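Inspection log for the structure reproduced underneath, given as structure tokens.
Just so you know, these numbers come straight off a predicted model, no measurement behind them. Start at 1 with the first residue, then count along the sequence.
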Amino acid sequence: MQSVSSTPSMKPFITDRNYFHLPYFDKKPCIYIKSWWQDQRRRLYNANIMDKIADKLEEGLNDVHEMIKTEKPYPERRLRGVLEELSSSCFRFVTLANKDQNQNGRTRLDRERLKSCMRELENMGTQAKTMRSQVKKNTVKDKLKLVQNFLHKLRFLADEPQHSIPDVFIWMLSNNKRIAYARIPSKDILYSIVDEETGKDCGKVKCVFLKLPGKRGFGPAGWTVQAKMEVYMWLGLNKQRKDFLCGLPCGFEEIKAVKGPGLQCFPPISLSYTKKQVFQLRAHMYQARSLFAADSSGLSDPFARVFFNTQSQCTEVLNETLCPTWDQLLVFDNVELYGEANEMRDDPPIIVIEIYDQDTVGKADFMGRTFAKPVVKMADERYCPPRFPPQLEYYQIYRGNSTAGDLLAAFELLQIGPAGKSDLPAIDGPTDMERGPILPVPMGIRPVLSKYRVEILFWGLRDLKRVNLAQVDRPRVDIECAGKGVQSALIQNYKKNPNFSTLVKWFEVDLPENELLHPPLNIRVVDCRAFGRYTLVGSHAVSSLRKFIYRPPDKKSQQWNTAGEIVVNMEPEVPIKKMETMVKLEANSDAVVKVDVNEEEKEKKKKKKKGEEIEEEEPDESMLDWWSKYFASIETLKEQLRQQEAAAAEAEEKEEMEIAEGSKAQVKNKEKVKVPKEDKKKKLQAEQAEKKNKQKIDELKVFNKELETEFDNFEDWLHTFNLLRGKIGDDDDTVSEEERIVGRFKGSMCVYKVPLPEDITKEAGYDPNFGMFQGIPSNDPMNVLVRVYVVRATDLHPADINGKADPYVVIKLGKTEIKDKENYISKQLNPVFGKSFDIEATFPMESMLTVAVYDWDLVGTDDLIGETKIDLENRYYSKHRATCGISQTYAIHGYNMWRDPMKPTQILSKLCKEGKIDGPHFGPGGRVKVMNRVFTGPTEIEDENGQKKQTDEHLALSVLHHWEEIPRAGCRLIPEHVETRPLLNPDKPGIEQGRLEMWVDMFPMDMPAPGPAIDISPRKPKRYELRVIIWNTDEVILEDDDYFTGEKSSDIFVRGWLKGQQEDKQDTDVHYHSLTGEGNFNWRFLFPFDYLVAEEKIVISKKESMFSWDETEYKIPARLTLQVWDADHFSADDFLGAIELDLNRFPRGAKTAKQCSIDMVAPEVDLPMVSIFKQKRVKGWWPFVARNENDEMELTGKVEAELHLLTAEEAEKSPAGLGRNEPDPLEKPNRPDTSFIWFLNPLKSIRYFIWHTYRWLILKILILILLLLMVGLFLYSLPGYLVKKILGA
């Protein structure tokens, strides 16, 4: 078999003035190449399987995204199906890949890569399986992100790193010159008998686009198509070649070349089709949206070119728009397609749609391309629902690799039967236009249009950057939607006043009834330069008008029910309410919590009898400050987060029960669920009791996010649109969204059907100039006092080499900049600033507040750690009243003093007036009526002297807290709060550099001046002195063995320090030679320290190292450590045991050494606790403990100590000496005579140790020596004596 690698040359036919086509009609040429390669198909097969899994997954994910976008029901079910499919495909891959584990000719990389892929896919399969059961209605979006990661991983794994079979190149030649090519990966057309392993384009008729060779084919120049060809390709082993025609459309005959007498070669040289079908294609080109801005004006002059088979047609050119509504039907007559009719119906050829920008000079610019498949109707089918007429669909337009808008169109391919065109549905439309017959999209397909009025509120422009190096001076905003539009008034001097003089303008436009088909609205800002030139500054496309459509309120709803009075139920106490929402108890469970107050009282009395400490109910007012309020609020925030978690867990449990099919499964689940309920009951009761004892402190609201996210960016009526610079070149694709922002347009829009309902236009005070934007404030310049409170920063990004930072605050507003550099906080990543700053500003010129945290450096410039920007203008004008938060209670003195210059009654009257609401009417008995809502509350207030006065402020405040319940005008008002804002650094985009807790108050200068700022400066620690007297020890374990006697003894001393002050540790003197573990000391330790009462922390300032420039402040829990040691002279002292006492909560000491046990420090034992800060003086016995070899706690001694706490002033009045020194000396301890050092007193040691223990032994030895001496003397003198006697001397 010879290779035939090129088709016979032919002369092309002219399609239109732009294109030619080759007449491959009924005769299709065949070419084939035979070649030899090493058999590495397995690599490609594996890649193909993974590609197919990824394609299926991508298709499923797109479905889910589409369902969420169009708000279709049950996207979670579709996602579960996708995951099910993914897990089964992954396990299928593992079984297929397992077969070729030991195939020969494989490299080590093949083996390792296969192992890795099998492992990854197996993991993915199991993860998908487990994730399937976790997909719930509320977790769909989170799970979608995770599944998206699977897709990326699959795409990565499918990429084969080794070359196997070369790719296939198709060249187009003219006059023996190569003019265009296409490269087809060999894996895509590789054949296998296993379906999953076959390439995705093998044995299929595929549309291929040829592009320019060489460098010309790259970048925008290469985006235009040189030729489109439909080609059928098959690549396989020689032995499998009998299958190579199996995927072709039927109805052909093979024409084979004659090879010698009567022999034909196997592959045919061409195919001749005997069956052909004639069709008519109707392309309903309705509109395109969000197209690429091809002209410098930020707009384009788009037209679409549609290609099908060998024909092409264009729509008309629409000038100056990015959302052209062509509304045009293009008819392609007598389209001849070859093959069986039923195959055409299932797999019609694709249609190519290209969008171009028409230029007056030069050829049209390419703006994007998309593909579509038509809906096919055969001659024997009826033109009726559900398939016909076809629905308009969105097709994504691509420009290179990036998306460039959408096309809204429908395509139908109608077979022309034997009766000719008379059978086809009729086309009716006007044809009397000067450009020839332009047919509109027929009625059944084109959307139903209605007349809408679009009202635009032009407020102002902000932060416009330079354009072509020149500043913007006289900007104007142009609005365009579906070919109609309106222009704003010209801003005469942008620097002086960037707001518009005329606020509201409108235009009318025909829009589809179906909101999903609404075209985008384009906002363009142009700068009017000298000599009538206009320069585009930036543009913004509002892709969906849905949120701006005015919907008349439902008059029947509760919100609009204004008949009869409704008494709003006021909860008397916030903390109790918290408890009720703590755990949702099911109706059938018996966990009803009864708190009997009398019992509690009895408990207290009992405790009092026992002399135990009871936390006082009412806190001392003078002790409380803003920080007390803040810390109490943080506790509440934590509580709420815990409740949310519990509620979420419960909701999930409930959903799982719903999913579990069959009653049996439900019963089982219920049993499972009941167990934790019991724990919840106990927890709830404990927490309620704890709450009862809690101090009643007024709280504020701590938001653990920005206020903007909580209140929808304060866009209740004033919206901010970011203006983007048009893409100048195609290299701009890499530029991030942030960098393209050239300014912001502030305004709003309202879309409604004409005419407006009468009840709005006839309302009192309706101003036709403002249309739907009634009651908006004036946008003239306004002077405002801005008060910024910066509480603290957390988790700052380290800025110095030592992993810390020296932060300080910088505040910028307009031209004002306040640097708080001298008050930087040394070496802290969680600094407490506690600062307030006042700035006078003029809106709208100075409305963007920047709060930055810088790092102080001794040498060089200070570095920016992070900053946060706040748009004050949106806050100021918001209906949520973000100027000054509303406190929980109204007070005229103390830590919770009302800080707004307007009192609650004045605020309420103003809100009622602005909302055109009847009220407020204050009645007797603490009632106030607003519209038909009645509120009740206290009516008395105490002043500084404790005098009670009558006031309506509490009542007004209770209405403000429930303002969202007021019909029509109601909305949530901002409470007194602290917001937490992320700090960002422009050099590290998207990465949070820490968080800043702060809030902003704004007061108009034309109103009464507000009072002084609240003092939120960090609390100053109070100076205390802790005196610890170590009286005695007992039962201390004995470590040493006596040199002479071998007896056990210990040389005991006690060491003590406060946590964080280890270097200032203090020791008692040594009680030597304790034989029983008893030690007598009468020794006093003195520990002066600085203490923050409210935070219960000791504050320590010290230099980190000798090279540190300044001291660093640390906050440490107040803990006293006492240790007992055995003193050694020639080796290190031995540690025997220790106890750590938390000075705020430590066990009361035992009265005697006998009663003192290890249980006093066991965590699980519930003992009466005391606080030295409340008791001031405590005496008792405490155990010393240490870990033994088995890492278990054991008792190693007991200490009798006395703790005495004095303030610095008290300590100065009654001083005491360290140890046993003056003043107020302690008497010397009465130690036994044995307590001394043996080598300093040798005589004493003989007397006490040797004599004491061995005296009888010594006496016996002495008598024995005497006896021996006497015997010795006797024996010595005996011979002489005997001689004398013998000689008779």
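If you take CG on N319 and CG on D301, they are separated by 4.5 Å, rounding to the nearest 0.5 Å. Interatomic distance, Y24 OH to T7 OG1, rounded to the nearest 0.5 Å: 3.5 Å. Considering OH of Y338 and CG of L248, their distance stands at 15.0 Å, rounded to 0.5 Å. How far CD of E230 is from CG of N309: 6.5 Å, rounded to the nearest 0.5 Å. E354 CD to F366 CZ: the interatomic distance, rounded to the nearest 0.5 Å, is 5.5 Å. Here the CZ-NE2 distance, from R546 to H518, works out to 10.0 Å after rounding to the nearest 0.5 Å.
Proximity of a side-chain donor or acceptor of W326 to a complementary backbone N or O of F303 within less than 3.5 Å is not detected. One N or O on the side chain of Q277 and one on the backbone of G339 form a donor-acceptor pair closer than 3.5 Å. Put simply, the side chain of Q280 never gets that close to the backbone of I416: no donor and acceptor are under 3.5 Å apart. Formation of a donor-acceptor pair under 3.5 Å by the R474 side chain with backbone atoms of A530 is not found in this model. Between the R725 side chain and the R740 main chain, no donor and acceptor come within less than 3.5 Å of each other. Remark: the backbone N or O of D510 is not paired with any side-chain donor or acceptor of K484 at under 3.5 angstrom. With hydrogens and angles ignored, the 3.5 Å screen pairs no side-chain donor or acceptor of E412 with any backbone N or O of F388. Judged by distance alone, with hydrogens and angles left aside, the side-chain atoms of K52 form a donor-acceptor pair with the main-chain N or O of T198 at under 3.5 Å. N514 contributes a side-chain N or O that, together with a main-chain N or O of L516, makes up a donor-acceptor pair within less than 3.5 Å.
Closest approach of D406 to Q396, counting heavy atoms only: OD1-NE2, 3.7 Å. Heavy atoms only, all atoms of each residue included: S186 and D167 are closest at N-OD1, 3.3 Å. Of all non-hydrogen atoms in C481 and L545, the two that sit nearest each other are SG-CD1, 4.3 Å. Across Q311 and V335, no two heavy atoms sit closer than the pair NE2-CG2, 3.7 Å. Minimum interatomic distance between L511 and P519 (heavy atoms only, all atoms of both residues): CD2-CD, 3.7 Å. The nearest pair of heavy atoms linking K27 to P29 is O-CD, 3.7 Å.
A salt bridge is defined here as a Lys NZ or Arg NE, NH1 or NH2 lying under 4.0 Å from an Asp or Glu carboxylate O, and D347 with K373 meets this definition. Between D327 and R446, at least one side-chain nitrogen of the basic residue sits less than 4.0 Å from a carboxylate oxygen of the acidic one, meeting the salt-bridge criterion. Comment: K56 does not engage D51 in a salt bridge, judged by the lack of any side-chain N to carboxylate O separation of less than 4.0 angstrom.
Looking at heavy atoms from C-beta onward, L521 lies out of side-chain contact with F548 at the 4.5 angstrom threshold. Contact check for P475 versus V537: no side-chain heavy atoms found under the 4.5 Å cut-off. Y356 is not listed as a side-chain neighbour of K363, based on a closest heavy-atom distance of 4.5 Å or more. No side-chain heavy atom of F745 sits under 4.5 Å from any side-chain heavy atom of H540. The closest side-chain heavy-atom distance from R282 to L424 is below 4.5 Å. K206 places none of its side-chain heavy atoms less than 4.5 Å from the side chain of D188. Looking at heavy atoms from C-beta onward, F292 lies out of side-chain contact with D357 at the 4.5 angstrom threshold. Residues P348 and L413 form a side-chain contact, since some pair of their non-hydrogen atoms from C-beta on lies under 4.5 Å apart.
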CA sep, side-chain torsions, deciding dist, call: M172, L22, side-chain contact (heavy atoms from CB on, under 4.5 Å)
CA-CA 12 Å; M172 184 165 76; L22 286 178; 6.0 Å; no

Working for side-chain contact (heavy atoms from CB on, under 4.5 Å), residues L235 and C202:
CA-CA 7 Å; L235 169 69; C202 172; over 6 Å; no

Applying side-chain contact (heavy atoms from CB on, under 4.5 Å), run through Y534 and R524 and close with a yes or a no.
CA-CA 12 Å; Y534 290 100; R524 291 166 58 248; over 6 Å; no

Apply side-chain contact (heavy atoms from CB on, under 4.5 Å) to S290 and L322, showing your working.
CA-CA 6 Å; S290 312; L322 295 180; over 6 Å; no

Go through F279 and F308 one step at a time and tell me if the ring pair (Phe, Tyr, Trp, His ring centres under 6.0 Å) criterion holds.
CA-CA 11 Å; F279 288 93; F308 186 67; 8.5 Å; no

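Other residues, nucleotides and ligands contribute at most 12 non-hydrogen atoms within 6.0 Å of the CZ atom of F20. Within 6.0 Å of the CD atom in Q391, the count of heavy atoms belonging to other residues, nucleotides or ligands does not exceed 12. A 6.0 Å sphere centred on CZ of F13 holds no more than 12 heavy atoms belonging to other residues, nucleotides or ligands. Around the NZ atom of K153, the shell of radius 6.0 Å holds no more than 12 heavy atoms that belong to other residues, nucleotides or ligands. Atom CZ of F371 is surrounded by more than 12 heavy atoms from other residues, nucleotides or ligands within 6.0 Å.
Between Y19 and F307, the two ring planes are perpendicular [angle over 60°; tilted spans 30° to 60°]. Between W171 and Y181, the two ring planes are tilted [angle within 30° to 60°].
Just one of T315, T321, D365, V317 meets the side-chain contact (heavy atoms from CB on, under 4.5 Å) condition when paired with P302; it is T321.
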